[in-house]
2 protein chains.
Amino acid sequence: MTSTAPKTKRGTERREKLLRSAERVIGDKGFAAASIADITRDSGTALGTFYIYFTGKETVFRELVTEMGTLTRRVMTEAVAGAPDRLEAERRGLRAFLAFVAERPSLYRIVEEARFVDPDAYRAYFTGFAEAYAAQLSRAANKGEISKGDAEVRAWALMGIAKTLGDRYVLWEDKPDIDRIADEGFALIRDGLRV
Amino acid sequence: MTSTAPKTKRGTERREKLLRSAERVIGDKGFAAASIADITRDSGTALGTFYIYFTGKETVFRELVTEMGTLTRRVMTEAVAGAPDRLEAERRGLRAFLAFVAERPSLYRIVEEARFVDPDAYRAYFTGFAEAYAAQLSRAANKGEISKGDAEVRAWALMGIAKTLGDRYVLWEDKPDIDRIADEGFALIRDGLRV
DNA sequence: ATGAAACATGAATACTGATTCATAATTCAT
DNA sequence: ATGAATTATGAATCAGTATTCATGTTTCAT
């Protein structure tokens with residue numbers, strides 16, 4: 001799918017370097033404005049080298065989306081592991097997500113842009129995530145840790161909160177106060193608006 | 001900003017026709033893939049005619065974003081007017097928003113793509129909206145209609161829910177059951193996950 | 001140590017589509 | 001009814017950049 005794997009140490013390193021440059025450049029200027037020349041310049045290689053490792057611009061892009069998928073799942077799983085109940089898991093998960101956005105803003109922007117550049121990849125990414133999320137919520141509801149409700153709709157709504165807070169407070173802010181945002185967001189998730 | 005206003009009945013009509021074609025085509029294929037030729041073809045005019053009414057591709061785009069801003073505010077204001085309290089306003093607002101997305105999916109997609117095509121317009125759009133929203137939440141909290149909490153963070157979180165549910169259930173679904181989604185979403189907004 | 005396979009290079013190619021412009025048709029105030 | 005202003009046309013121009021490829025260089029299994 002992404003051409004063949006390198007067979008040399010040098011090759012492996014070059015490929016990785018190009019991938020990181022692609023993340024930086026595309027995340028920075030956006031898919032359309034980012035040129036292959038930008039990417040190879042950033043990584044200190046010749047223009048043609050890019051095509052040794054990737055079939056084209058969309059290919060790197062897709063690979064970055066996939067990478068983000070893997071990473072996010074890992075981060076979230078680790079963050080939530082060991083939480084005593086679902087509510088605590090939600091709190092930790094939200095915080096971890098915001099922290100991850102702060103750490104890899106480019107990767108996060110790329111996933112969001114995938115909605116327009118590669119809708120299928122985008123859909124696959126979030127559908128997969130939502131399924132796992134909904135399953136957790138279902139289980140928690142059955143155990144009585146949270147109230148009953150449509151797990152799928154809830155999963156998407158909760159992902160929406162995380163995404164939007166990430167956009168607004170992590171990407172748009174210079175020194176985001178992640179703990180505060182996560183706390184406020186979690187309060188809403190737990191209690192709703194009701195008095 | 002968007003070149004000068006037409007001075008003829010014919011001119012006004014052509015401009016409007018082009019704007020609607022731009023909405024359809026850009027909303028459909030996305031900004032990058034939509035060509036001016038696509039737009040003029042869709043509207044049954046010659047290629048050059050486009051440039052009589054708009055300075056360029058980004059200009060129509062920006063105008064569509066602005067239009068969406070105006071429309072959304074109007075729709076939401078009307079939907080919420082006359083609600084007995086804030087919670088009921090939230091319920092009606094969410095439903096109205098989802099219905100609006102169903103009615104003008106292209107316009108909605110365009111606003112979301114603005115994040116990448118014209119970040120400033122995107123930011124202006126949502127910041128303005130969020131400010132008004134937060135003000136309403138603050139007022140409601142003071143009146144005791146909803147619990148206390150950071151109104152700004154809440155506004156963004158609630159917008160996030162609406163946006164994501166709109167994406168998932170209105171744009172991705174053939175026959176979205178808007179009432180059901182709105183009800184489920186509202187239940188979460190009102191009560192949270194807590195038992 | 002060596003040569004076949006892998007990798008690196010960047011100038012040249014190819015293509016797409018935005019924008020311009022000279023020319024023609026239409027509108028509408030007088 | 002008329003002509004100056006407005007609008008319509010689409011072929012030609014222009015620009016940018018993705019991708020290829022012929023030519024070196026480097027790696028590494030033997």
Side-chain angles (χ1 to χ4, degrees), chain A residues 1-64 110 113-114 116-118, chain B residues 1-64 110 113-114 116-118:
Chain A
M1 173 162 267
T2 303
S3 103
T4 16
K7 310 192 166 166
T8 292
K9 197 184 157 209
R10 179 174 57 147
T12 309
E13 288 167 353
R14 273 271 191 267
R15 189 178 197 288
E16 180 61 20
K17 218 172 207 172
L18 281 167
L19 202 55
R20 295 284 70 83
S21 289
E23 173 183 340
R24 187 165 27 246
V25 174
I26 297 180
D28 221 53
K29 317 177 69 165
F31 182 78
S35 71
I36 306 297
D38 287 334
I39 295 171
T40 52
R41 193 177 315 120
D42 184 274
S43 78
T45 62
L47 187 50
T49 305
F50 178 89
Y51 291 91
I52 294 171
Y53 299 107
F54 306 96
T55 343
K57 207 171 154 186
E58 297 222 21
T59 311
V60 227
F61 188 83
R62 199 168 305 129
E63 179 160 344
L64 288 169
I110 285 169
E113 193 168 7
F116 302 100
V117 175
D118 190 341
Chain B
M1 173 163 267
T2 304
S3 100
T4 17
K7 310 192 165 163
T8 291
K9 198 182 155 210
R10 181 174 56 147
T12 309
E13 289 166 356
R14 273 272 192 268
R15 189 179 197 287
E16 180 61 20
K17 216 171 206 172
L18 281 166
L19 202 55
R20 295 285 69 84
S21 289
E23 174 183 339
R24 186 164 28 246
V25 174
I26 298 180
D28 220 54
K29 318 176 68 166
F31 182 79
S35 71
I36 305 297
D38 287 333
I39 295 170
T40 53
R41 193 178 314 119
D42 183 275
S43 77
T45 63
L47 186 51
T49 304
F50 178 89
Y51 291 91
I52 293 171
Y53 299 107
F54 306 97
T55 341
K57 207 172 156 185
E58 296 222 20
T59 311
V60 228
F61 188 84
R62 199 169 304 128
E63 180 160 343
L64 288 169
I110 286 168
E113 193 169 9
F116 302 100
V117 175
D118 189 342

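Just so we're clear, the structure is a prediction, and the values are computed from it rather than from any experiment. Computed over heavy atoms, backbone and side chain alike; hydrogens, waters and symmetry mates excluded. Reminder, nothing fancy here: chain letters follow the sequence lines and each chain counts from 1.
- Between C/dC7, D/dA11, D/dA18, one nucleotide has an atom nearer to the side chain of A/Lys57 than all others, and that is D/dA18.
- We find that CD1 of A/Ile36 is positioned 21 Å from P of C/dA12, with the value rounded to whole Å.
- Put simply, CD1 on B/Ile26 is 14 Å from P on C/dG17, counting in whole angstrom units.
- Going from atom NZ of A/Lys17 over to atom C1' of C/dA8 covers 13 Å, rounded to whole Å.
- In this structure, B/Leu47 atom CG and C/dT16 atom C1' are separated by 13 Å, rounded to whole Å.
- Proximity of A/Phe50 to A/Val60: side-chain heavy atoms (C-beta onward) are separated by under 4.5 Å at one or more points.
- When each of A/Arg10 and B/Gly56 is assigned the nucleotide of DNA chain C with its nearest heavy atom, A/Arg10 is the one assigned upstream, toward the 5' end.
- Within the structure, a side-chain polar atom (N or O) of B/Arg14 is placed less than 4.0 Å from OP1 or OP2 of D/dA8.
- Two residues are said to be in side-chain contact when any heavy atoms from C-beta on lie closer than 4.5 Å; A/Arg62 and A/Glu58 meet this criterion.
- Residue A/Phe54 contributes atom CZ, which lies 16 Å from atom C1' of D/dA18 at whole-angstrom precision.
- As rounded to whole Å, 17 Å separates atom C1' of D/dA29 from atom NZ of A/Lys9.
- Between A/Asp38 and A/Ile26, the closest side-chain pair of non-hydrogen atoms is not below 4.5 Å.
- Between A/Arg24 and A/Asp42 the shortest side-chain heavy-atom distance falls below 4.5 Å.
- Residue contacts shown for B/Ala32 are absent, as no nucleic acid heavy atom lies under 4.0 Å away.
- The CZ atom of B/Phe31 sits 10 Å away from the C1' atom of C/dA18 (whole-angstrom rounding).
- A residue-by-residue look at A/Ala34 and B/Phe50 shows that B/Phe50 has its nearest nucleotide of DNA chain D further toward the 5' end.
- The side chain of B/Lys7 lies closest to D/dT7 when the candidates are D/dG10, C/dC7, D/dT7.
- Checking D/dT19, D/dT6, C/dT19 against the side-chain heavy atoms of B/Tyr51 singles out C/dT19 as nearest.
- Distances shorter than 4.0 Å separate some side-chain N or O of B/Thr8 from OP1 or OP2 on D/dT7.
- Distance, A/Lys29 NZ to D/dG16 P: 13 Å, rounded to whole Å.
- Residue B/Arg20 forms a side chain to side chain contact (heavy atoms under 4.5 Å, CB included) with just one option from B/Leu64, B/Val25, B/Ile39, and that option is B/Leu64.
- Taking only side-chain atoms of B/Ile52, from C-beta outward, the nucleotide of C/dA18, D/dT9, D/dT27 with the closest atom is D/dT9.
- Taking 4.0 angstrom as the limit, A/Thr49 places a side-chain polar atom (N or O) nearer than this to OP1 or OP2 of C/dT9.
- Side-chain nitrogen and oxygen atoms of A/Tyr53 include at least one within less than 4.0 Å of the OP1 or OP2 phosphate oxygen of C/dA8.
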